[in-house]
Structure formats: C-alpha cells, structure tokens
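Read the structure below first, then the notes.
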Amino acid sequence: MLAMAGCSTTQLPKTHAQLTQSALEADYFQVRIPTRDGKKLAATVYQPELQAGQSAPLIIATHGFGGFRAKRPLSIYGKAVLTGEAAIAAWKAGYWVVFYDQRGWGQSGGRVHMMDPEFEVADLSQVIDWSLDHLPGVSRLPDNSPAIGMIGESYGAGLQTLATFTEPRLKALVPLTGWHDMNSLAPNGEFRTGWGAILLSAGAINSGFDVGEMFAKPWNSAFDGTVSQDMQTLLYERSPASFCDKGMAPHADALFIQGFHDTIFAFQEAVKNADCWKDQGKDARVIGLQGGHVMPWPIQQWRGWLPIYQTEDTVYCGDYEASTTDVILSWWDEKLKGQESVVPQYCVNVTEERGLAIEEDLPPANRFNLPKSKVTIPLAGAFEWLMIPFDTGSDLFRAMWPGADLRDLKPNGGFGRPKFIPLYVVRGDDEVMLGTPKIDLRIAGTSSSNSMPMFVGVGVQHANRRRVRVASEQLTPLPEKGIYEMELPAVSQPLKAGDRVGLVVYGFTTQFPINSAFLARSATIKGDVWLPITREEAISLAPERPF
C-alpha cells in the first residue's frame, strides 16, 4: 500500500548504506537540497518499497523551461507530461526517484541562469551528491558505480546532455525533445519569436517573474527577432554540439526521444546527438514521435489536451509496439538493472497509430528543380487562417464530382495565400515522406536592402483537397537575399496517391511574427529542393525484430 503523505518538508539523516538496513514502505516526501552557492532546491523523493538488505537504482527527474516538479503522483506533471509519467512509473516499478525544481523555477531558490554550467549543470551534481548521501540502498553496477538514470524534457533534456560530459555518475539518460545546438532556437539567426512570447509568459509566471537573465545581454538581442553573434556563441557553448565538436565523450548512454512536429527543436537535433554518442562508443537509440513542443491552436494542431507540450502514449516500430513509458522503463531496466535489451535502436512513428523500424539512418532525399517563382512579401500566407473554412467547404463541394481532382504541377498562391510550388505527384498509397529535406535556393527581389524575409517548408496538398499543409508544421526563415544551401527540419508524413508535394513559401507566419517584413515587396525564389520520398517497404526493417 502506498503511503499518501508527502506534503511537509522532510529532513533525512545522512547515510552511505548501499543496502537498506530495514524495510521501507513506498512513500514520497518533500526535501530541500543545498547548492554550492547556498541556495535550496525543492525536490520530491519517491521512495520505493524495499525489504531489508535490498537496493534500487536511482532516477533523477527534472522539468522543462517554465515547468515544475511532480510534487505528488496525482499532479499535472505526474499524469500529463511524459517526464512525470515515466518518473512515477519508475517509482512504482521499484526505483528511487528524485524529482526536483531547477533553480529559479517552482519552489527552488536562486535565479534562472539559462543552463549555465556554473549553476544549473553544477546543481545536478549537487542533487546526485545529496541523493547518495541521504538515500539508503542505491544500487551499484558491476563496476561498483551507482546505478543512476535521468529524464527531463526540453530544458531538462539539455541539462542531461550537457552534464554527462562532466558527470560520470550518470549512466542512462532519457532526453525528451532536447537540443544538439541550442541555436535551433534561432535558425539562420532568426529567433523563434512566436515561441519566445509563449516561453517568456510561462517562464515569468512559474519563476515568480524572475526572468531577468532574458533581458540581459546577449539574450535581449532576441527581442527584435534577430539574435546577435554573441548570443549565437553563447547558445552553442551551452550545447552538446560544443563538446562533440571537441571530440569529448559523454559518460552515459542515452535514449533520445524527439518529435517531428516539434517547432522548437527539430527531429535531427536528436539524430545529431545520437551520432555524437555513437562516435564516442556510447549506446544511443532514437525514438521519433509526432508531438513535442506545440504552439497554441490554431497555430498548430493539438494531439492532446495539454497546451505547449504534447507527446504520444505509444511507440510503434514495425511489429514492436509499447507504451512510451514502458519503452523508457525497459531502457532503464536494461542499463541499470542488467535486464534483457528490448528497446529498438531506431523507431519512427509515421502517424500516431503506425511506425517503422529504421536500420541506421533516415532515407536519402531526391532532387527536384524549383522553377523561378514570385512571392509578395509579407502578404503571402498572412491571411491563410481566414481561408480555412472556405477550403473546407470547397473540399466538400469538390468531392461530389468524381475525377474533379485532375491537377497538373502549376504553382499557385503567393499573394494573400502562401506560394505553393508542387514538385511531385504521389503515385501510390504506400509512399511516405520520411527524412531530411534540403534546399539550394537563390533569393532575390525588389527590396533596396539585403532584407527579404520569407519562410519556407515542405508543402503537401492532399488529393481532392484545396488547402496546402506544411509537412510536420515546420517553417524555416530565409531572412535575406542570397543563396541558401541547408537542411530543412526533418519530416515524417504519410502520403496517398494523388497528393502533391513541393515547396511552400510564406511571407508571414505566426511562428516568427516579429521576423517578417512590414512593407510590401516582390521576391523571387528558384533553385533545387531535395524531398525524402520513398516507399515504406524500401526503408522498414524486416519484422523479426532485428534490433
């Protein structure tokens, strides 16, 4: 029976016992953990049921930007956010769990330092120190090191991947929707101002309006939409990329879980982290979901009731299927308890009900020539949200006439609606767009300066439908005239025969509201686009569970 206490702060005596001295009941309680600079971190300890002489691995859990810990099993984080769901599931499965508020958030003291190695990262080592000093019966691995895993989403994912380069006691990470290079917040130097407004609001509320760091240099350069070189450097330094590029090795194995519809950190952020881990001889596995950081409706489609952050409950991987929490538990059981390996190496949810097992890499893309096209900046796409009901009505009307969907590959839009330049017509229902699109584009136009901001993505116009949807809801800013050779965010998109796939160009988008131009200009775009379109059977692994 679980004891449902845990409201008041508990003072625990120090102990270094590797095995419990007496039986422990399943319980949870609140504690305060001191930091090196004299602050106190609020934490909830979830104590597993243990008999005398037993031990259990330890899971450290923490939250995303603007978040807070699961103070009790029946809580928002414990029931609705994957970090909390997995942490509570681990506790019920016999793990110690320490779930803490990072400094400046929730009930913890100190100021938010935006993932500073001297503060947030150092705090994690203090949490580990405190846990090993005060929790009886933390399991040891065969090399006698403590069996410690970790989980956290977004801000909490970045903390894990940074700390593992300097903290050898971490053994099994689960970074949820984190970053490889934090400059993903500002692709091509353009800050995601739509998300900036959301995170600033949420962060201000949960930090007690202590977000002064965001108003200090160099962070404040983001407020006009374009980040300074100093900020780009700082973002890079607080990223796993900076350690990987130096050839440094992480200490912990990692299960990277990332979403294709995540409009802050694209899916390839997890892929790049996994590549770094593998290059250094560590075990790294990748689970691709559809959800992640999701902007408020109607900017983005919701896949659950929780605003801002949503993930699926189930991982599909060919014939392998398991709840997302069970996948995470299986990972920890393998790494911290020595149990059988059952977690796939590379899994991708193509939809919320179907997925593929991938061998090593996402499939390559095919090259298409993009003809010269004109776009009116910033009007292209500015009124798209007004056209949704008209599109829906016309789709119903068109569906009454068989064969009405006879289209050729002609561009459309570019004034009030986004410019859609179709490049490919899908031939069969077994085709899928899965992988990383690329562009080699030349931007020109009537602007007297270099500024010519537009936003591009992969567009899909489903057969017998009028509206063009952005694949995985991802748009990338191209802020100036010139040549752009780069990757676009990875996509996972099922296709049907008759669907048209191409490049979609916006002059204004609510994902980057401050970054758009405010004077009407005529722009031109041409070049090449690579689209990762293939047949499912060409990329999926055989069903005999080759992982």
Side-chain angles (χ1 to χ4, degrees), residues 181-197 217-236 241 263-264 266 367-384 411 413-421 423 436-459 470 474-489 502-530:
D181 186 341
M182 212 196 308
N183 278 289
S184 181
L185 288 169
N188 290 328
E190 297 296 302
F191 189 71
R192 299 182 186 273
T193 49
W195 267 113
K217 291 182 178 181
W219 300 96
N220 60 2
S221 70
F223 283 93
D224 68 358
T226 303
V227 300
S228 67
Q229 184 59 53
D230 286 344
M231 182 172 174
Q232 292 181 51
T233 300
L234 185 63
L235 293 174
Y236 174 75
T263 48
I264 295 185
R367 180 177 178 178
F368 297 86
N369 179 255
L370 188 86
K372 185 176 181 179
S373 301
K374 292 184 178 181
V375 183
T376 302
I377 305 297
L379 298 179
F383 307 106
E384 184 70 355
F415 186 70
R417 309 209 71 174
K419 187 77 170 186
F420 178 53
I421 311 166
L423 301 172
T436 305
K438 296 188 296 183
I439 57 172
D440 182 356
L441 299 177
R442 181 180 296 275
I443 308 298
T446 60
S447 172
S448 59
S449 65
N450 283 333
S451 179
M452 184 59 72
M454 61 178 64
F455 309 88
V456 302
V458 177
V470 181
Q474 301 278 9
L475 288 171
T476 298
L478 307 181
E480 297 180 341
K481 300 175 184 177
I483 297 174
Y484 291 88
E485 297 181 55
M486 60 181 295
E487 290 183 347
L488 298 182
L503 191 76
V504 64
V505 185
Y506 281 71
F508 173 85
T509 170
T510 45
Q511 291 187 26
F512 295 87
I514 298 178
N515 313 67
S516 303
F518 294 96
L519 294 175
R521 303 164 186 174
S522 178
T524 59
I525 182 171
K526 66 177 182 179
D528 294 297
V529 177
W530 283 259

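These numbers come from the heavy atoms of this one structure, side chains and all, not from hydrogens, waters or symmetry mates. Owing to the predicted nature of the structure, the values given are computational and were not obtained by experimental measurement.
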request  = Output the distance between atom NZ (Lys481) and atom OG1 (Thr524), rounded to the nearest 0.5 Å.
outcome  = 9.0 Å
task = Provide the closest heavy-atom pair for Thr436 versus Leu488 in the form atom of the first, atom of the second, distance.
result = CG2-O, 3.5 Å
task = May I have the step-by-step check of side-chain contact (heavy atoms from CB on, under 4.5 Å) for Val529 and Leu441, ending in yes or no?
result = CA-CA 8 Å; Val529 177; Leu441 299 177; 4.3 Å; yes
query = Hey, are the side chains of Met452 and Ile377 touching, using non-hydrogen atoms and a 4.5 Å cut-off?
reply = yes
message = A quick test of your reading: do over 12 heavy atoms of other residues, nucleotides or ligands sit less than 6.0 Å from NZ of Lys526?
response = no
query = So which heavy atom on Asn369 is nearest to which on Gly527, and how close?
reply = ND2-O, 3.3 Å
Taking distance alone, no hydrogens or angles, what donor-acceptor pairs closer than 3.5 Å link side-chain atoms of residues 220-227 to residues at least two apart or in another chain?
residue, atom, partner, partner atom, Å
Asn220, ND2, Phe215, O, 3.3
Ser221, OG, Pro218, O, 2.9
Ser221, OG, Ser228, N, 3.0
Ser221, OG, Ser228, OG, 3.4
Asp224, OD1, Thr226, N, 3.1
Thr226, OG1, Glu190, OE2, 3.0

Heavy-atom closest pair, residues Ala266 and Ser184 = N-OG, 4.0 Å
task = Could you tell me the separation between the CG atom of Leu478 and the CZ atom of Phe455, rounded to the nearest 0.5 Å?
result = 8.5 Å
Where Arg521 and Ser451 come nearest, the two heavy atoms and their spacing = NH1-O, 3.1 Å
inquiry  = Going by side-chain hydrogen bond (donor to acceptor under 3.5 Å, both in side chains), name the pairs with one or both residues in residues 439-448, residues two or more places apart or in two chains.
reply    = Ser447-Ser449
key: Side chain proximity check, Pro477 to Arg192, heavy atoms < 4.5 angstrom   = no
message = Taking the side chain as everything from C-beta on, heavy atoms only, tell me whether Pro489 gets closer than 4.5 Å to Thr476.
response = yes
ask   = Say you draw a straight line from CG of Leu379 to OG of Ser516; how long is it, rounded to the nearest 0.5 Å?
value = 10.5 Å
key: Close side-chain approach of Asp230 to Lys217, heavy-atom, < 4.5 Å   = no
ask   = Is there side-chain contact between Ile421 and Pro371, with heavy atoms separated by less than 4.5 Å?
value = yes
ask   = Is there a side-chain contact between Ile525 and Lys419 (heavy atoms, below 4.5 Å)?
value = no
request  = Write down the atom of Ala517, the atom of Pro453, and the distance for their closest heavy-atom approach.
outcome  = N-CG, 3.5 Å
For residues 504-513, which side-chain N or O atoms pair as donor and acceptor with protein atoms under 3.5 Å away, sequence neighbours left out?
residue, atom, partner, partner atom, Å
Thr509, OG1, Gln511, N, 3.1
Gln511, NE2, Glu473, O, 2.9

Value rounded to 0.5 Å, distance of CZ in Phe383 from CZ in Phe415 = 7.5 Å
key: Glu480: partners by side-chain contact (heavy atoms from CB on, under 4.5 Å), with sequence neighbours left out   = Asn450, Tyr484
ask   = Partners of Arg417 by side chain to side chain donor-acceptor pair (under 3.5 Å), sequence neighbours excluded?
value = Glu384, Asp391
inquiry  = Contact between Trp219 and Leu234 at the side-chain level, heavy atoms closer than 4.5 Å - yes or no?
reply    = yes
query = For Trp530 and Ile439, which heavy atoms make the closest approach, and how far apart are they?
reply = CZ3-C, 4.1 Å
key: With Tyr236 via side-chain contact (heavy atoms from CB on, under 4.5 Å) - residues at least two apart   = Asp181, Asn183, Ala241, Ser242, Asp245
